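No experiment lies behind these values; they were computed from the predicted model shown.
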Amino acid sequence: MTPNNAVLTDDFGRKHNYLRISLIEKCNLRCTYCMPADGIVLSPKTSLMTADEIHAIAQTFVNNGVDKIRLTGGEPLLRKDFPEIIAKLASLQTEISITTNGILINKHIDVLKQFNVKKINLSLDTLVASKFHSITLRNQFQSVIDNLHLLLNNDFKIKVNVVLIKGFNDDEIIDFIKLTQFLPISIRFIEFMPFAGNEWDRSKMVSQNEILDQVQHHFPESDLEKLEDEKNFTAREFKIKNYLGSFGIISSITNPFCDGCNRIRLTANGKIKNCLFSNSETDLLTPFRNGEAIEDLIAFAIKNKKKVRAGMTTIEDVNNPALNQDNRSMIAIGG
């Protein structure tokens with residue numbers, strides 16, 4: 001079947017071939033930038049997509065040009081039917097990757113290898129065990145480190161996601177980069193972004209310029225190499241000369257990459273979010289369960305995508321609580 005790319009092309013000519021599917025709203029960590037202190041009201045289990053529904057809805061996207069699928073959460077490996085979901089999605093012949101906190105990797109590594117899921121984004125915001133507990137409220141630091149090495153020993157391609165928060169882990173930027181001297185990993189520094197309940201304010205954010213200032217202060221200028229950015233990039237990529245790995249900066253706030261955005265998000269309860277910052281959602285699961293076609297709904301959602309950050313075109317817009325908190329919590333969106 002020839003993909004109908006028009007369904008996934010917005011009014012700015014951006015073609016969306018990358019589907020991020022949240023499998024679950026639950027997580028076994030309680031990261032403060034992701035989940036409100038009081039938790040969230042979870043969707044009823046009956047309103048979450050089943051393995052068959054995930055496969056069928058994903059098939060519709062693939063028929064219209066999607067060739068990359070990333071599984072997120074919550075923590076996607078908490079789904080008891082995760083092996084079944086992977087097996088079904090593997091039949092679509094697309095690239096499949098996952099974003100995980102790494103705690104359960106050792107229990108699922110054989111399934112990941114079986115279905116050729118080789119690209120893993122591992123969330124790890126600190127290299128200090130006590131700080132890990134303070135931001136996640138759990139004592140799982142060593143499990144994550146052990147599973148990071150387990151993945152590397154099995155030749156997985158690893159990106160380590162680091163959400164930077166001023167006064168918490170911005171003093172570890174150089175330590176993270178030093179990991180890439182001997183490990184073939186990509187560190188991805190992510191600007192702290194606003195979501196419901198995460199007490200975001202601009203003063204907590206570490207900008208792309210501040211990150212590069214630290215790097216340039218620590219390393220000789222001649223050792224900092226700018227790499228070619230990927231097509232439809234989110235991270236601007238760099239490396240230190242002769243280091244095995246690299247690092248990138250995801251600057252959604254100070255230097256957004258919206259012009260080349262090719263990503264669509266599907267929440268665990270079957271709703272499209274056409275932008276991570278958007279408060280607008282389009283329900284696919286209800287009409288799908290009613291036996292209705294969903295292609296027109298998908299096209300509607302994509303056509304209504306704003307040019308930049310769901311219409312927040314300036315830093316001042318992003319800094320406005322009336323705009324930046326009118327959204328789901330990150331855990332309920334999917335990373």
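Hydrophobic clustering (side-chain heavy atoms under 4.5 Å, transitive across Ile, Leu, Val, Met, Phe, Trp, Tyr) groups Leu150 together with Ile103. Linking Ile, Leu, Val, Met, Phe, Trp and Tyr residues whenever their side-chain heavy atoms come within less than 4.5 Å leaves Leu244 and Leu152 in two separate clusters. Put simply, Ile174 and Leu124 are part of the same group of oily side chains (I, L, V, M, F, W, Y) that touch within less than 4.5 Å, one to the next. By the criterion of side-chain heavy atoms lying less than 4.5 angstrom apart, applied directly or through intervening Ile, Leu, Val, Met, Phe, Trp or Tyr residues, Tyr18 is not grouped with Leu266; the two fall into different hydrophobic clusters. One hydrophobic cluster, built from ILVMFWY side chains closer than 4.5 Å, cannot hold both Leu48 and Ile54; they sit in different ones.
A pairwise comparison of heavy atoms in Pro83 and Phe115 identifies O-CE1, 4.5 Å as the closest pair. Pairing each heavy atom of Arg79 with each of Ala51, the nearest pair is NH2-N, 3.8 Å. Annotation for Ile69 and Ala58: closest pair CD1-CB, 4.2 Å, computed over non-hydrogen atoms. Pairing each heavy atom of Ile96 with each of Val117, the nearest pair is O-CG1, 3.5 Å. In terms of heavy-atom proximity, Ile135 sits nearest to Ile165 at CD1-CD1, 4.1 Å. Counting all heavy atoms, side chain and backbone alike, Gly260 lies closest to Asn232 at O-ND2, 2.8 Å.
Without hydrogens or angle criteria, Asn169 side chain to Asp125 main chain gives a donor-acceptor distance under 3.5 Å. When atom types are taken as modelled, the side chain of Asn262 and the backbone of Lys15 share no donor-acceptor pair closer than 3.5 angstrom. A distance-only check finds a donor-acceptor pair linking the side chain of Asn274 to the backbone of Ala301 [under 3.5 Å]. Side-chain atoms of Lys273 come within 3.5 Å of backbone N or O of Ser278 as a donor-acceptor pair. Side chain of Arg188 to backbone of Asn121: no donor-acceptor contact under 3.5 angstrom is found. A distance-only check finds a donor-acceptor pair linking the side chain of Asp283 to the backbone of Leu285 [under 3.5 Å]. Side-chain atoms of Arg14 come within 3.5 Å of backbone atoms of Cys258 as a donor-acceptor pair (strictly under, hydrogens ignored).
Between the OG1 atom of Thr234 and the NZ atom of Lys159 there is a distance of 6.5 Å, given to the nearest 0.5 Å. To the nearest 0.5 Å, the span separating CD1 on Ile298 from OG1 on Thr282 amounts to 9.5 Å. Interatomic distance, CG of Asn161 versus CD1 of Ile250, reported as 6.0 Å (0.5 Å rounding). One distance of note links NE2 of His16 with CD1 of Ile272; it measures 10.0 Å at 0.5 Å rounding. Put simply, CG on Leu148 and CD1 on Ile120 are 11.0 Å apart, with the number rounded to the nearest 0.5 Å. In this structure, the separation between CG on Leu19 and CZ on Phe61 is 5.5 Å, given to the nearest 0.5 Å.
The ring pair (Phe, Tyr, Trp, His ring centres under 6.0 Å) search around Phe189 returns none, not counting sequence neighbours. In this structure, the salt bridge (Lys or Arg N to Asp or Glu O under 4.0 Å) partners of Lys119, at least two apart in sequence or on a different chain, are Glu95. For Lys303, there are no side chain to side chain donor-acceptor pair (under 3.5 Å) partners two or more places apart in sequence or in a different chain. By the side chain to side chain donor-acceptor pair (under 3.5 Å) test, His108 pairs with no residue at all, sequence neighbours left out. Qualifying salt bridge (Lys or Arg N to Asp or Glu O under 4.0 Å) partners for Glu292, counting only residues two or more places apart in sequence or in other chains: none. Shown here are the side chain to side chain donor-acceptor pair (under 3.5 Å) partners of Asp110, two or more places apart in sequence or in another chain: there are none.
Side chains of Leu89 and Leu71 form a contact here, defined as non-hydrogen atoms less than 4.5 Å apart. Contact check for Asn116 versus Lys118: side-chain heavy atoms found under the 4.5 Å cut-off. Considering only heavy atoms from C-beta on, Phe238 comes within 4.5 Å of Leu224 through its side chain. Contact check for Asn154 versus Lys113: side-chain heavy atoms found under the 4.5 Å cut-off.
Residues Ser97 and Arg70 bring a donor and an acceptor atom of their side chains to less than 3.5 Å of each other. Side-chain contact annotation: Ser43 with Glu25, donor-acceptor N/O pair under 3.5 Å present.
For residues 143-153, the set of pairs meeting the side chain to side chain donor-acceptor pair (under 3.5 Å) definition, not counting sequence neighbours, comprises Asn106-Asn147, Gln140-Ser143, Gln142-Asp146. Sorted by first and then second residue, the salt bridge (charged side-chain N to carboxylate O under 4.0 Å, His left out) pairs involving residues 234-248 (not counting sequence neighbours) form an empty list. Applying the salt bridge (charged side-chain N to carboxylate O under 4.0 Å, His left out) rule to pairs touching residues 212-226 yields Lys226-Asp229, sequence neighbours excluded. For residues 120-141, the set of pairs meeting the ring pair (Phe, Tyr, Trp, His ring centres under 6.0 Å) definition, not counting sequence neighbours, comprises Phe132-Phe141. Counting only residues at least two apart or in different chains, salt bridge (charged side-chain N to carboxylate O under 4.0 Å, His left out) contacts with residues 41-55 comprise Asp52-Lys88, Glu53-Arg289. Applying the salt bridge (charged side-chain N to carboxylate O under 4.0 Å, His left out) rule to pairs touching residues 161-177 yields Lys131-Asp171, Lys131-Glu172, Lys166-Glu210, sequence neighbours excluded.
Shown here is Asp296, whose CG atom has no more than 12 heavy atoms of other residues, nucleotides or ligands within 6.0 Å. The environment of Phe300 atom CZ is sparse: at most 12 non-hydrogen atoms of other residues, nucleotides or ligands sit within 6.0 angstrom.
Between Phe219 and Tyr243, the ring planes are perpendicular. Angles over 60° get that label, and only those under 30° would be called parallel.
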Practice task
Apply the test side chain to side chain contact (heavy atoms under 4.5 Å, CB included) to residues Arg265 and Ile21: give CA-CA distance (whole Å), side-chain angles for both, the deciding distance (0.1 Å), then the verdict.
Solution key: CA-CA 6 Å; Arg265 284 176 167 80; Ile21 305 175; over 6 Å; no
Practice task
Check the pair Lys68, Asn17 against side chain to side chain donor-acceptor pair (under 3.5 Å), reporting the backbone distance first and the verdict last.
Solution key: CA-CA 6 Å; Lys68 295 173 63 177; Asn17 67 314; over 6 Å; no
Exercise for the section: Evaluate side chain to side chain contact (heavy atoms under 4.5 Å, CB included) for Leu112 paired with Phe156, printing each intermediate quantity in order. Expected result: CA-CA 10 Å; Leu112 297 174; Phe156 284 80; 4.0 Å; yes
Practice task
Take Thr60 and Glu295, measure what side chain to side chain contact (heavy atoms under 4.5 Å, CB included) needs, and give me the verdict at the end.
Solution key: CA-CA 7 Å; Thr60 302; Glu295 280 191 354; 3.7 Å; yes
Handout entry: Ile173/Phe247 under side chain to side chain contact (heavy atoms under 4.5 Å, CB included): CA gap, chis, key distance, verdict
Key = CA-CA 10 Å; Ile173 291 171; Phe247 70 96; over 6 Å; no
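For the side chain to side chain donor-acceptor pair (under 3.5 Å) with Glu75, the qualifying choice from Thr100, Thr99, Asn28 is Thr100, the only one to do so.
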